[in-house]
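Lettering of chains follows the sequences in order, A, B, ..., and the numbering in each one begins at 1. Computed from a predicted model, the values in this text were never measured in an experiment.
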Amino acid sequence: MRWKLGMNLLEVLRGRFYQALLGWAPDPLTASALVKPATDSKFGDYQANAAMSLGKSMGKPPRQVAEELLARLQWDDILEKPEIAGPGFINLKFRNDYLEGLLSQAANDDRIGIAKVANPRRIVIDFSGPNVAKPMHVGHLRSTILGESLARLHRFLGHLVITDNHLGDWGTQFGILLYGYRNKLDAENLKKNPVAELARLYVEVRKEFKTGSDEEGGDKSDPVQDACRLETVKLHQGDEENLALWNRFMPFCLEEIDAVYRRLDVHFDHILGESHYQPMLATVVEDLLSLGIARESQGAVGVFITEEGAPALIRKSDGAFTYTTTDLATIDYRIREFNPTEILYVVDSRQHLHFHNLFETAKRWGRTGTESGPRLVHVPFGSVLGADRKPIKTRDGKAVANLDQLLDEAVRLAGEIFDANRAEDAELFNRSLVAETVGIGAVKYADLSQNRTTDYVFSWEKMLAMDGNTAAYMQYAYARCQSILRKAGVSPEALDTKAPISLATPEERALAIQILRMEEILLAGASELRPNIITGYLWDLAKAYSGFFQNCPVIKAPPALLPSRLLLCHLVARSLKLGLDLLGIQVIERM
RNA sequence: GCACCCGUAGCUCAGGGGAUAGAGCACCGGUUUCCUAAACCGGGGGUCGUAGGUUCAAAUCCUACCGGGUGCACCA
């Protein structure tokens, strides 16, 4: 083979420019990093922007720098003749035979030509973290979906990923359950359907709270809330009966959240909730006190991140520990147990300050910031808003956005769309499978296609649309690829992957570039921790496929082009499927 | 009061040093003897919150201000 393995077009070009710059220009690495995707396809595939800045540092006109640089660049085996444009842009366009060779390699590679990273890291990802005994709602959705996607992405790239669900299984919400058990229990129902009965108890008790929004904090003169708090305190103090109830209820609580995870196709390596760290908390506080990192103040113990600001409390004046204490113990435990290079916390951006304080304390504690300690990263995300631009959350004490109901609604709507569009030939399709896959996919994709850091407005209409950057559009593009292969009478196994690929039209060429960009995109998505980079890519890929679909007949292609076009369809299908899989979204063969 | 995030087309949002700033929706106009019309093509529409600064080059980086959101000891 003429070209070495290496499908990453961007890296190939940067490598070539690095060689050309070496020994000639200052800082070849920085300058070669100025090779970027073309801002407009009319300029070519990629562009090198180094000449402008080098012109300054080398004291020559940028266009002259560009010409001298091109004279040093080895290009003719992979590129058409590069062109200098404007103030000194170097426009780069790959040779078709080079792209065709790479596509052939991809077609015969079970990773579509995408390499594993050279230096795998050990990455703990902490996400989802719902409170047990309390119905999951949309607030948990983003963390769960984002975390799962980041885990899949890093794993695919070859990193060792350890996912850990830091359950809230020791907090006030359990006190609510204990109070409910003592005052509102339907014993018969508990026998028959414990999961549902516990869920019911939580909702029943919550109704009697005076405060509307959150169960914690707020009104101190609320008798029911006080009683629940008391149950929690008893549990924490080791009350035998409450502890026994905790042990008895936990499996049912876990079963309830597990049902949601099964439906969302979300998986964890570990589920180590707050309760797991209880035995370690006293030691953490003593340790920090004796090291002078924490000190007593107003009866509590806190770490003063700044002298003026509020401290991060690690023990309250009543002796109870806080979530900062638990999180510190968790960091310590994860370092000992998993020895990670980094720990990612996929948590609401509103907790930014908490993580800032937590990471700073861990650093003072000597757990990070040294050569061996892990990098601690808060991966923040914005809130999910309703049509009124206010966060969707419990209102009037009622959960308006229960997660399971939300998924049901998505599936129901996807089914309606199916019925509207498949009235005539519905029997050819598996309606319930299509509705479930499209509905769940829509919810996930809507979340992931948004830039993580911004709030986003939840909209059924937008997420289930067939036009635009949605899951359904990608799933549909996939189904159409598969449909063509079926109609051509070739099963994926029978496909001749060795057949030469030829890029006969501009549409095929544009599609080829998109297929071959995937590794570059996945690496960018991983390094920025942003799945929306992947959804943006899938949208570009699907649009390129659409252009191909319009202009390049496959089944009725000239015989010389048929095998090549079938392979392109197959490559697109595999790329879409892989991309969606890394987002935690499934495909269907017919929709 | 302090801190963090955000302000880009009518709406929802991409883009976060490089060429005339993009997409979807909405609006206007077109396309089907053709592999799923759940499709495609074209058009109008933007002082990128404001003002300075850095740079060969700023929506992008820095500073100030304006507007919005969020968080700031005993909830997690």
**Q** Taking B:A59 as the reference, what is the distance to B:U8 when you measure between their P atoms (whole Å, please)?
**A** 15 Å
**Q** Among residues 297-305 of chain A, which ones have heavy-atom contacts with RNA chain B below 4.0 Å?
**A** A:S297, A:Q298, A:A300
**Q** What nucleic acid atoms does A:A420 come within less than 4.0 Å of, heavy atoms only: base, sugar-phosphate, or nothing?
**A**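 It contacts nothing in the nucleic acid.
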**Q** Are any of the side-chain nitrogens in A:K93 or A:D45 under 4.0 Å away from the carboxylate oxygens of its partner?
**A** no
**Q** On a plain distance test, is the side chain of A:N49 in donor-acceptor contact with the base of B:A19 below 3.5 Å?
**A**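 No, the side chain and the base share no sub-3.5 Å donor-acceptor pair.
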**Q** Do A:N430 side-chain atoms and A:L433 backbone N/O form a donor-acceptor pair below 3.5 Å?
**A** yes
**Q** In residues 29-39 of chain A, which ones come under 4.0 Å of RNA chain B, going by heavy atoms?
**A**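 Heavy-atom cutoff 4.0 Å gives A:T39.
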**Q** Using the six-membered base ring of B:G18, report whether A:F89 stacks on it, requiring centroids under 5.5 Å and planes under 30° apart.
**A**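 No, the aromatic ring of A:F89 does not stack with the base.
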**Q** Does the gap between the ring centers of A:F127 and A:H166 come in under 6.0 Å?
**A** no
**Q** Can you tell me the distance, in whole Å, between the CZ atom of A:F549 and the P atom of B:C40?
**A** 10 Å
**Q** With sequence neighbours excluded, tell me which residues meet salt bridge (charged side-chain N to carboxylate O under 4.0 Å, His left out) with A:E589.
**A**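 Per chain and number, A:E589 pairs via salt bridge (charged side-chain N to carboxylate O under 4.0 Å, His left out) with no residue.
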**Q** Answer whether the closest heavy-atom distance between the side chains of A:T322 and A:K316 falls below 4.5 Å.
**A** yes
**Q** Indicate, with a heavy-atom threshold strictly under 4.0 Å, whether A:V457 touches base, sugar-phosphate, or nothing.
**A**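 Sugar-phosphate, backbone atoms only, no base.
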**Q** Parallel under 30°, tilted from 30 to 60°, perpendicular over 60°: which one fits the rings of A:W539 and A:Y473?
**A**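 Geometry flag for A:Y473 against A:W539: perpendicular rings.
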**Q** Decide yes or no on salt bridge (charged side-chain N to carboxylate O under 4.0 Å, His left out) for A:R431 and A:D419, but give the supporting numbers first.
**A** CA-CA 8 Å; A:R431 184 189 187 277; A:D419 293 336; 2.7 Å; yes
**Q** Could you work out, with salt bridge (charged side-chain N to carboxylate O under 4.0 Å, His left out) as the rule, every residue matching A:E208, not counting sequence neighbours?
**A** A:K184
**Q** Name the nucleic acid region contacted by A:R315, choosing base, sugar-phosphate or nothing; use a 4.0 angstrom heavy-atom cut-off, strictly under.
**A** nothing
**Q** Any base atoms under 4.0 Å from A:D327, or only sugar-phosphate, or nothing? Heavy atoms, all strands.
**A** nothing
**Q** Please tabulate, for side-chain N and O atoms in residues 380-387 of chain A, each donor-acceptor pair with protein atoms closer than 3.5 Å (sequence neighbours left out).
**A**
none

**Q** According to the salt bridge (Lys or Arg N to Asp or Glu O under 4.0 Å) rule, which pairs have a member within residues 52-66 of chain A, sequence neighbours left out?
**A** A:K60-A:E68
**Q** Check the distance between B:C34's P and A:K487's NZ and give it to me in whole angstrom.
**A**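 That distance rounds to 12 Å.
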**Q** Can you confirm whether or not the ring centre of A:Y277 sits under 6.0 Å from the ring centre of A:W170?
**A**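 Ring-ring flag for A:Y277/A:W170: false, centres at least 6.0 Å apart.
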**Q** Using a cutoff of under 3.5 Å, can you pull out all pairs of nitrogen or oxygen atoms linking the protein to nucleotides 5-8 of chain B, with atom names and distances?
**A**
none

**Q** Taking B:A9 as the reference, what is the distance to B:C28 when you measure between their C1' atoms (whole Å, please)?
**A** 16 Å
**Q** In whole Å, what is the span from the CG atom of A:L353 to the P atom of B:G1?
**A** 18 Å
**Q** Atom CD of A:E308 to atom P of B:A3: distance rounded to whole Å?
**A**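 Result: 11 Å.
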**Q** Please report the distance, rounded to the nearest Å, between CG in A:L230 and C1' in B:C75.
**A** 17 Å
**Q** Could you tell me the separation between the CE atom of A:M466 and the C1' atom of B:A37, rounded to a whole number of Å?
**A** 10 Å
**Q** Tell me which donor-acceptor pairs under 3.5 Å the side chains of residues 300-314 of chain A have, and how far apart each pair is, sequence neighbours excluded?
**A**
residue, atom, partner, partner atom, Å
A:T306, OG1, A:G309, N, 3.0
A:E307, OE1, A:R295, NH2, 3.4

**Q** Classify every nucleotide of nucleotides 22-32 of chain B by which part a protein heavy atom approaches to under 4.0 Å, writing B for the base, S for the sugar-phosphate alone and - for neither, in 5'-to-3' order.
**A** -SSS-------
**Q** Check whether the side chain of A:E274 and the base of B:A76 form a donor-acceptor pair under 3.5 Å.
**A** no
**Q** Counting side-chain heavy atoms from C-beta on, which of B:C35, B:A38, B:A19 comes nearest to A:N421?
**A**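 The nucleotide sitting nearest to the side chain is B:A38.
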**Q** When you compare B:C35 with B:G44, how far apart are their P atoms, in angstrom units rounded to a whole number?
**A**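 Looking at atom P only, B:C35 and B:G44 are 32 Å apart.
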**Q** From the list B:A38, B:G15, B:C13, which nucleotide is the closest neighbour of the side chain of A:N532?
**A** B:G15
**Q** Please tell me which of the listed nucleotides, B:A73, B:C74, B:G18, lies nearest to the side chain of A:S53?
**A**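 My answer, after comparing the listed nucleotides, is B:G18.
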**Q** Given atom CD of A:Q351 and atom P of B:G69, what is their separation to the nearest angstrom?
**A** 21 Å
**Q** Runs of at least three consecutive Watson-Crick or G-U pairs, both distances under 3.5 Å, are what I'm after; which ones involve RNA chain B?
**A** B:1-7 with B:66-72, B:10-13 with B:22-25, B:27-31 with B:39-43, B:49-53 with B:61-65
**Q** Starting at atom CZ of A:R480, determine the distance to atom P of B:C34, rounded to an integer number of angstrom.
**A** 15 Å
**Q** Test: salt bridge (Lys or Arg N to Asp or Glu O under 4.0 Å). Region: residues 545-570 of chain A. Which pairs qualify, not counting sequence neighbours?
**A** A:E508-A:R565
**Q** Give every residue pair that meets the salt bridge (Lys or Arg N to Asp or Glu O under 4.0 Å) criterion with at least one member in residues 458-474 of chain A, sequence neighbours excluded.
**A** none
**Q** Ignoring hydrogens and angles, answer whether the base of B:C74 and the side-chain atoms of A:S317 contain a donor-acceptor pair closer than 3.5 Å.
**A** yes
